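Down below is the structure, laid out as structure tokens.
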Amino acid sequence: MTTAQPQELDVQPSPLALLLLGREADPRSERGVECPGDLPSPSDPDLVARARAAKEKLGDKVFVLGHHYQRDEVIQFADVTGDSFKLARDAAARPEAEYIVFCGVHFMAESADILTSDDQKVVLPDLAAGCSMADMATAEQVAECWDVLTEAGIAEQVVPVSYMNSSADIKAFTGKHGGTICTSSNAERALDWAFEQGEKVLFLPDQHLGRNTAVRDMGMSLEDCVLYNPHKPNGGLTVEELRAAKMILWRGHCSVHGRFSLDSVNDVRERIPGVNVLVHPECRHEVVAAADHVGSTEHIIKTLEAAPAGSKWAIGTELNLVRRLANRFASEDKEIVFLDKTVCFCSTMNRIDLPHLVWALESLAEGTLVNRIEVDKETEAFAKLALERMLALP
């Protein structure tokens with residue numbers, strides 16, 4: 001009895017496969033970049049004192065922004081907290097601050113650089129703090145998509161609307177092609193504006209926010225929406241499907257919000273009688289449809305602030321924020337739990353930890369500029385145009 005010998009297959013892994021395997025790096029990506037310098041040990045008991053001392057030494061020269069999803073050890077040093085767009089605007093409102101230290105992720109720091117003056121320098125404590133959603137739409141992929149729409153004869157009818165959670169390159173594409181940016185708070189207003197300019201919308205990069213806004217808030221049907229997959233020829237769509245669609249949704253999603261399921265909603269209702277389910281619009285459509293309340297991060301916070309004592313809430317958003325809110329309102333007898341049984345932090349947001357923040361602040365205090373995020377002038381001009389269209393929305 002003989003055993004067949006395995007044959008050598010002449011298969012070359014794709015660049016994407018090598019990137020996912022950790023064998024290659026993409027210098028244009030928000031991932032895979034190293035942080036220079038030696039970081040303090042995470043077990044250093046003096047980290048809090050060192051961060052405080054460096055921040056005090058810098059004084060008004062530094063302005064620290066903390067996104068809601070940051071861990072408590074970082075958020076304690078933030079001068080302001082908020083969502084990505086609020087923080088970028090807060091930075092622009094502090095022209096006297098030479099350094100803007102953004103405790104968030106890469107696209108947020110880009111937006112801050114776009115909106116602040118040339119004299120201000122935006123610093124991201126860890127350059128590897130990216131965003132999986134933003135990574136799901138590259139400039140090359142979106143340009144190819146526009147070619148597909150052009151070949152289908154509909155590009156002139158399409159207005160791009162890009163979520164704030166996108167790279168500067170995607171924001172610039174949006175500005176260049178007559179579109180606007182939106183946040184989870186004003187997505188409906190942005191889409192209303194877009195449909196006044198054209199017949200169709202290309203919504204980037206979060207399919208769930210686009211679908212939920214179109215169907216839940218604006219009364220469209222699921223059939224009005226098609227899903228463009230950048231990894232398939234022609235996005236996996238026929239010319240007829242593209243021509244019939246009102247909403248062309250990009251196949252992107254948030255890795256945290258996308259994990260919540262209808263089973264999560266049903267399970268929490270069984271476990272906690274009378275619970276209110278409050279979720280972010282980046283969640284899947286069936287989750288949003290089954291929830292009691294839907295809204296942006298700021299909406300979630302305001303809803304809980306206004307909630308009566310003794311009320312019960314299951315929240316579908318990032319765990320750092322949910323835990324912080326649970327602690328904040330515990331004295332008011334508000335029961336606040338994470339919607340899913342499986343705990344899930346935003347892994348890239350959590351790359352901004354105390355050692356990275358201490359390193360960045362101490363470097364700046366010593367006169368060394370580190371990890372500057374700087375958007376090139378052409379990209380900045382078109383991205384700013386798209387952001388300004390959003391600011392002009394009624």
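As the structure is a computational prediction, the values presented were derived from the model and not from experiment.
Between Gln70 and Asn320 the shortest heavy-atom distance is O-CB, 3.7 Å. Closest approach of Gly82 and Glu298 over heavy atoms only: CA-OE2, 3.6 Å. Residues Ala78 and Leu65 come closest through the heavy atom pair CB-C, 4.3 Å. Considering all non-hydrogen atoms of both residues, Phe107 and Ser166 come closest at CB-O, 3.3 Å.
Between the side chains of Tyr69 and Thr317, at least one donor N or O lies within less than 3.5 Å of an accepting N or O. Of the N and O atoms on the side chains of Ser363 and Thr368, not one donor lies less than 3.5 Å from an acceptor on the other residue. Side-chain N/O atoms of Asp135 and Ser132 include no donor and acceptor closer than 3.5 Å. A donor and an acceptor atom, one from each side chain of Asn350 and Ser347, are nowhere located under 3.5 Å apart. Side-chain atoms of Glu318 and His257 include no donor-acceptor pair closer than 3.5 Å. With hydrogens and angles left out, the side-chain atoms of Gln207 and Tyr228 include no donor and acceptor closer than 3.5 Å. Using modelled atom types, one finds no donor on one side chain facing an acceptor on the other under 3.5 Å when comparing Asp44 with Ser41.
Taking 4.0 Å as the cut-off between side-chain N and carboxylate O, Lys86 and Asp90 count as a salt-bridged pair. Under a 4.0 Å N-O distance rule, the pair Glu199/Lys246 does not qualify as a salt bridge. Between Lys341 and Asp267 there is a salt bridge, since at least one side-chain N of the basic residue sits less than 4.0 Å from a carboxylate O of the acidic one. Between Lys176 and Asp169, no side-chain nitrogen of the basic residue sits less than 4.0 Å from a carboxylate oxygen of the acidic one, so the salt-bridge criterion is not met.
Aromatic ring centroids of Phe329 and Trp313 lie 6.0 Å or more apart.
In this view, Arg216 satisfies the salt bridge (charged side-chain N to carboxylate O under 4.0 Å, His left out) rule with no residue, not counting sequence neighbours. For Arg52, the salt bridge (charged side-chain N to carboxylate O under 4.0 Å, His left out) test picks out no residue, with sequence neighbours left out. Not counting sequence neighbours, Glu270 has no partner by the salt bridge (charged side-chain N to carboxylate O under 4.0 Å, His left out) test.
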Exercise. Decide side chain to side chain donor-acceptor pair (under 3.5 Å) for Asp147 and Thr150; before the verdict, give the C-alpha distance in whole Å, the side-chain angles of both, and the deciding distance to 0.1 Å.
Key: CA-CA 5 Å; Asp147 289 341; Thr150 300; 5.1 Å; no

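A distance of 3.5 Å separates NE2 in His253 from CE in Met136, rounded to the nearest 0.5 Å. For the atom pair CZ of Arg351 and NE2 of His106, the computed distance is 12.5 Å after rounding to the nearest 0.5 Å. Between the CG atom in Leu115 and the CG atom in Leu87 there is a gap of 11.5 Å [rounded to 0.5 Å].
Across Cys182, Cys225, Ser162, a single residue satisfies side-chain contact (heavy atoms from CB on, under 4.5 Å) together with Phe203, and that is Cys182.
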